[in-house]
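Note that ligands are numbered from 1 as they come in the structure, with each ligand's atoms numbered from 1 the same way. Note that the structure is predicted; figures quoted are calculated from it, not measured.
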Amino acid sequence: MIKALIFDLDGVITDTAEFHYLSWKRLADEENLSFTREDNEKLRGVSRRQSLELILKGRQISEDTAQDWMARKNRYYQSYLETVTPADRLPGVTEFLTEARELGLKLAIGSASRNAKTVLERLDLLDVFDVVGDGYAVVNTKPAPDLFVWVAGGLGIRVVEGVVFEDAEAGVDAALQAGFWAVGIGRSKVDHAHLHLPNLDGVKVSEVLAHLAELDSTHG
Ligand code: BG6
Ligand code: MG
């Protein structure tokens, strides 16, 4: 029986990927690194440190420089976050969370971002979630299963009682490795999830749960 829904934040609840892109792009331009929107797709769901490594494409820099660049990128990102309002919840998110609550489900966030709580505050959603797992919670980031397992511990559920909603390949990998049900959202490589949806607009929680129950009775 499903007891909780666990959401990735960036790309599922709100679209901050563009702000991450613009912030890394500004840093990359200042430091003469080539960085395109296509490169940015690979950064979905991965930590700040891993993002920097992907942008460096093998170029070696000192630890002090790496810390300086990550801090600078984060300052740019945080200035974009000041523009975020509840209107930036992605379409269907408010209705989906409301229905989940009405069905008595627990709700949680599992995000690689250290800015997750700030983003939730700006969206006026911080109080909606029982547990918020963010970039401070665990050492091993997605695709490692650790963050979602940490969230399950906080919720007091077994992994088979939770559904993870993810827009990133690394996030779906993490959810499946941990043993959760996984719903892939959007256009990235999330086809390996149990269910793939373009977004949450017009999607009913009851329909998602019915679909997963059907899969369970067929395969389980
Ligand atoms: C994830 C984003 O949610 O958080 C990644 O999808 C980002 O693109 C990662 O790199 C870390 O975010 P932050 O806010 O800690 O730099
Ligand atoms: Mg995401």
- At under 4.0 Å between heavy atoms, which part of D10 makes contact with ligand 1: side chain, backbone, both or neither? side chain
- Backbone or side chain, does any N or O of R44 fall under 3.5 Å from an N or O of ligand 1? no
- Message: Looking at K189 and D173, is any side-chain nitrogen of the basic one under 4.0 Å from a carboxylate oxygen of the acidic one?
- Response: no
- F19 vs Y80 aromatic rings, parallel, tilted or perpendicular, using cut-offs 30° and 60°? parallel
- Message: Report whether any nitrogen, oxygen or sulfur of E166 sits less than 2.8 Å from the Mg ion (ligand 2) (N, O or S, backbone or side chain).
- Response: no
- Message: Between the side chains of E31 and R72, is the shortest nitrogen-to-carboxylate-oxygen separation below 4.0 Å, so that they form an ion pair?
- Response: yes
- Message: Give me the residue, atom name and distance of the protein heavy atom closest to atom 9 (C) of ligand 1.
- Response: V46 O, 3.1 Å
- Query: Strictly under 4.0 Å, does any heavy atom of L43 approach an atom of ligand 1?
  - Reply: yes
- Any N/O pair W24/ligand 1 closer than 3.5 Å: no
- Task: Could you list which atoms of ligand 1 come closer than 4.0 Å to a heavy atom of S51?
- Result: 10 (O)
- Query: Is the shortest N/O to N/O distance between N74 and ligand 1 below 3.5 Å?
  - Reply: no
- Message: Any heavy-atom pair between the side chains of F148 and E166 that's under 4.5 Å?
- Response: yes
- Message: Is the contact between D8 and ligand 1 made by the side chain, the backbone, both, or neither, using heavy atoms and a 4.0 Å cut-off?
- Response: neither
- Message: Please determine whether any non-hydrogen atom of G135 lies less than 4.0 Å from an atom of ligand 1.
- Response: no
- Query: Are the charged groups of R26 and E30 less than 4.0 angstrom apart, N to O?
  - Reply: yes
- Item | Ligand-side contact atoms (ligand 1) for residue partner R114, heavy atom cut-off under 4.0 Å | 13 (P), 14 (O), 15 (O)
- Message: Geometry only, no angles: is Y77 polar-contacting ligand 1 at N/O separations under 3.5 Å?
- Response: no
- Between K142 and D8, is the closest basic N to carboxylate O distance under 4.0 Å? yes
- Message: Pairing donors with acceptors under 3.5 angstrom, does anything connect the side chains of T141 and Q50?
- Response: yes
- Query: Under a 4.0 Å N-O cut-off, is there an ion pair linking E63 with R49?
  - Reply: yes
- Task: Could you tell me whether S113 approaches ligand 1 through its side chain, its backbone, both or neither, with non-hydrogen atoms closer than 4.0 Å?
- Result: both
